[in-house]
Amino acid sequence: MLKAVADVLRSVGGAIATVVTLPFRALARLFGGASSTARGHH
């Protein structure tokens with residue numbers, strides 16, 4: 001019982017972590033490209 005609950009929580013936590021970190025990764029890529037093209041803005 002506890003193992004099943006732990007497995008469900010782990011899978012749900014992994015999915016939530018993926019959904020939460022995806023926008024941040026996209027933002028980091030966007031800001032990284034913008035900062036690399038905009039010289040002097042550090």
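Index from 1, following the sequence.
Residue Leu27 is found in a hydrophobic cluster whose other members, listed by chain and number, are Phe31; membership requires side-chain heavy atoms under 4.5 Å apart, directly or through intermediates. Under a 4.5 Å side-chain heavy-atom criterion applied to ILVMFWY residues, the cluster that includes Val20 comprises Val8, Val12, Ile16, Phe24 as well.
Annotation: side-chain hydrogen bond (donor to acceptor under 3.5 Å, both in side chains) contacts of Arg10 (sequence neighbours excluded): Asp7.
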